[in-house]
2 protein chains.
Amino acid sequence: MRFPMFSSPWISFLLFFLSTSVTALQFRIPRLSPIGEKFLHHSKALESPPSDDFKTFYYNQTLDHFNYRPESYITFPQRYIINFKHWGGANSSAPILAYLGAEAPIDDDLDAIGFTTDNAIQFNALLIYIEHRYYGKSIPFGSREEALRNANTLGYFNSAQAIADYAAILIHIKKELDANYSPVIVIGGSYGGMLATWFRLKYPHVALGALASSAPILYFDDITPQNGYYSVVTKDFRGVSETCYEAIKKSWSEIETVASQPNGLSILDQEFKTCRPLRSSSELEDYLWSVYATAAQYNHPPKYPVTRICGAIDRASSGNGIISKIAAGVFAYRGNLSCYINEPRNATETDVGWRWQTCSEMVMPISSDNDMFPPYPFNLGSFISYCNQLYGVPPRPHWVTTYYGGHDIQLILQGFGSNIIFSNGLKDPYSIGGVLYNISDSLPAVYTANGSHCLDILRANETDPDWLVTQRKIEVGIIKEWISKYYVDLAKNKQ
Amino acid sequence: MRFPMFSSPWISFLLFFLSTSVTALQFRIPRLSPIGEKFLHHSKALESPPSDDFKTFYYNQTLDHFNYRPESYITFPQRYIINFKHWGGANSSAPILAYLGAEAPIDDDLDAIGFTTDNAIQFNALLIYIEHRYYGKSIPFGSREEALRNANTLGYFNSAQAIADYAAILIHIKKELDANYSPVIVIGGSYGGMLATWFRLKYPHVALGALASSAPILYFDDITPQNGYYSVVTKDFRGVSETCYEAIKKSWSEIETVASQPNGLSILDQEFKTCRPLRSSSELEDYLWSVYATAAQYNHPPKYPVTRICGAIDRASSGNGIISKIAAGVFAYRGNLSCYINEPRNATETDVGWRWQTCSEMVMPISSDNDMFPPYPFNLGSFISYCNQLYGVPPRPHWVTTYYGGHDIQLILQGFGSNIIFSNGLKDPYSIGGVLYNISDSLPAVYTANGSHCLDILRANETDPDWLVTQRKIEVGIIKEWISKYYVDLAKNKQ
């Protein structure tokens, strides 16, 4: 354990940290989001505001679907956005593509998620985007401050409630539009891809199928080896350049050596052009871990940040030793900035919300061992204590597999369930916790050797490589088959 | 509406009624239970106490699986009972038959539910019986009084929490016994049959299959015609005797006519040998509704209560008019008692618990119209007001179909899900809300023309008719096929 975070000064620091500046990853567990680079930078404003085709609505959502306590009946406005432009209409039972919001406000997804907008015409589809509870404008208890106050109000913030929200809203919309027989395809990426998978499994009467992009539904409990994530990061870097990999691998002890010298941290400040003096070597190390993880996870064309980092590392003069090389990699990754590493940044909604989610339900045990990173075990006991001290309630690390399953998934689902596409890019370190083989004919895996996180559901681009264009075509083809078969079944059942 | 139950004296009466004496059915909605005749009589003590083969355990169950509020983490002891006698053991991954408790203490089921005990040997099965939360010895908050105090404590008493309990306990038992690959077949009847269906649909990773006996999973929302239940009761009586049917059909106005005379209620007291003077004609009518409903629902061999009632009605002298005939039917049904109709009886756990369950989640809209009963509409608004006044929270009449589905079930499930037997007896009025056709090859309906409620899962008897013996054989055969196929899949997956 590198974070001795059990004494109360540490907790105070963490709470400060949580509310003011976040650069490193909690327990070095990388974030999950379809849109990359949010973790290190402010999220950029939309390049163009969403067009008039997107209409915003609010649904009067139930706080607690699963109990009948008086407080369960509290409601809150939940935001959803509809694009009617290309819809074929209720009379023809034209399809609905429903994007399931994840751990962020829904705003950026309207622009970023291309699978819906790019394919609306060919599906004659209604497009729906639903915001996840406790994010954006979908906040219970009247304000974010109240909603996030403590475990009494945060307690309703979890995936089971979120997918029940989605069921309630989709049923509501279909009823309002008299579109009872319009097939719904749910789409999600990363954590949202888990939600899409689980939604099809739990609510088959609401969604005909799911496109689950880069959803590491198997990164829970003991299903996936804990070191899987960082072993893929390592493979990604090593695959680009053996010397780059070697430099990174050696850099950790070099940083420790420098840091332990008198004025060592100042030397590192100079090398890395830090925005303010480093507090410790681990502050730098945490940052580097997250740079490598994020670069690998979002190793998107045409920029390919892993290549960019390794190019800079390999090109840098080794005059000042490995540390200069590593710094060059950071500069290349981040671009031209006045300072690096610990630039001040406010915690985003995702920082704050996802911290709760991982500390309650979404416990993904990720460690490193025997790769380009130093060993970094995942200690469940420490994690539980940390969360318990932060929120006053412990995580439930076995609930995801209890409620959704995951162990022996092929044995379980080969004879149960249908119509889920598990899509992945194998360069994405989270793909190691995804489904990478066909569970059955109707539960296919569609992956690309060179793809990264959630690429397939992002907006199509002229620079997209062929393998990405092909992946999306395959996915569209599969969904079209589901819908065709559904219309045949529908016609039979209506007879 | 026959119950003008919205003024507070009515509520006071109902609360009194709830705690002291229950004979009639709430809103004339018949109860759901595998074991008949509980509704009108005290439940009898077990003929023989359960053998030493049944071992009792308690699991430290989570109060609220679906939230992370501090109160969610409260635990309570949940009772489960295991019979190890015939189990083939973990090494051979021998099967587990798990009976899912319903709206009653689990005690009586050990003796009554024969499907488990009668088939344990041929399956080499471990037998598990799990008690439903808030019944028997599985009470949260330390005592029944606390648990039932108000909606704050009752709020956790619902089917979603109950099946999550079952998942947690089954996972726990399999882990304790190192029986990870032992296939679990869940079995339930009536409400418990709904739980078994929903358990397989929501937790396919815990149960390989489900036997759902007499589970009216389609008697929600607008899926099944509201008058279905009483139209089957009518058909059952008419099928036995046209004259009996005619007598009952005419009796209602006759009762009203007599009751409206001076001393009319006393005449009815004499005719029906009431235990205390009738308060109103509707007290008698409510009782008769429930006699006919219960007789039809539990029209079990060898006694066949519908035949018995109609025999008595048809044989009775018509000297004193139809009312004497009806009374003769009641006497024949109840047997030789010192008095009838309103004998004092304490509310059972089932009376109290099921009243909450129907007033929160299990809203089954049942009415009568144009059959041997007088018209009796189901008014959802009145029902909601009634429940809201009783408990301070309203029912959620659309939640069952939101969470579990039900509309267009064949369209939805023909391409999703497997391994559920929907068994019914068509004489059972609740069968009208059951699944009476094969949804797919792996979602078969097994029904008998002459069967009644949950007959197939009751203990086999030498007097059982051939059609019942055959029904059980078919069910055992299907389950054996599931298990055989599972072992083949398991062997492949382990390679």
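Only this structure's heavy atoms are used, side chains among them; waters, hydrogens and symmetry mates stay out. Order of the sequence lines sets the chain letters (A, B, ...), proteins ahead of strands, with each chain counted from 1.
- Heavy atoms of Ile171(B) lying under 4.5 Å from chain A belong exclusively to its side chain.
- To the nearest 0.5 Å, atoms OG (Ser72(B)) and CG (Asp64(A)) are separated by 8.0 Å.
- When side chains are defined from C-beta on, Gln410(B) does not count as touching Lys492(A), because their heavy atoms never get closer than 4.5 Å.
- Of the atoms belonging to Gln414(A), it is side-chain heavy atoms, and not backbone ones, that fall under 4.5 Å from chain B.
- Contact tally against chain A (heavy-atom pairs below 4.5 Å) for Glu361(B), His407(B), Glu71(B): the top residue is Glu361(B).
- Contact of Asn158(B) with chain A is made through the side chain alone, with heavy-atom distances under 4.5 Å.
- Formation of a donor-acceptor pair under 3.5 Å by the Arg396(B) side chain with backbone atoms of Tyr68(A) is not found in this model.
- Counting heavy-atom pairs closer than 4.5 Å to chain B, the top-ranked of the candidates Gly417(A), Gly406(A), Ala160(A) is Gly417(A).
- Residue Asn493(B) touches chain A through its side chain alone, counting heavy-atom pairs closer than 4.5 Å.
- We find the CG-CG distance between Leu411(B) and Leu208(A) to be 8.5 Å, quoted to the nearest 0.5 Å.
- Between the His205(B) side chain and the Ile412(A) main chain, no donor and acceptor come within less than 3.5 Å of each other.
- Counting all heavy atoms, side chain and backbone alike, Asn152(B) lies closest to Pro70(A) at OD1-CD, 3.6 Å.
- For Asp408(B), the part lying near chain A is the side chain, with the backbone staying farther off; criterion is any non-hydrogen pair under 4.5 Å.
- Put simply, of Pro394(A), Ala168(A), Gly415(A), Ser442(A), the one with the most heavy-atom pairs under 4.5 Å next to chain B is Pro394(A).
- Heavy atoms of His398(B) lying under 4.5 Å from chain A are absent altogether.
- Aromatic ring orientation, Phe66(B) versus Trp399(A): perpendicular (interplanar angle above 60°, classes split at 30° and 60°).
- Of all the listed residues (Tyr156(B), Tyr203(B), Phe157(B), Tyr486(B)), the one sharing the greatest number of non-hydrogen pairs under 4.5 Å with chain A is Tyr156(B).
- The contact between Tyr181(A) and chain B is made entirely by side chain atoms (from C-beta outward), counting heavy-atom distances below 4.5 Å.
- Aromatic ring centroids of Phe416(B) and Phe416(A) lie under 6.0 Å apart.
- For the pair Thr402(B) and Ala167(A), the tightest heavy-atom approach, listed with the atom from each and the gap, is CG2-CB, 4.3 Å.
- Using a 4.5 Å cut-off between heavy atoms, Thr62(B) contacts chain A through its side chain alone, with no backbone atom that close.
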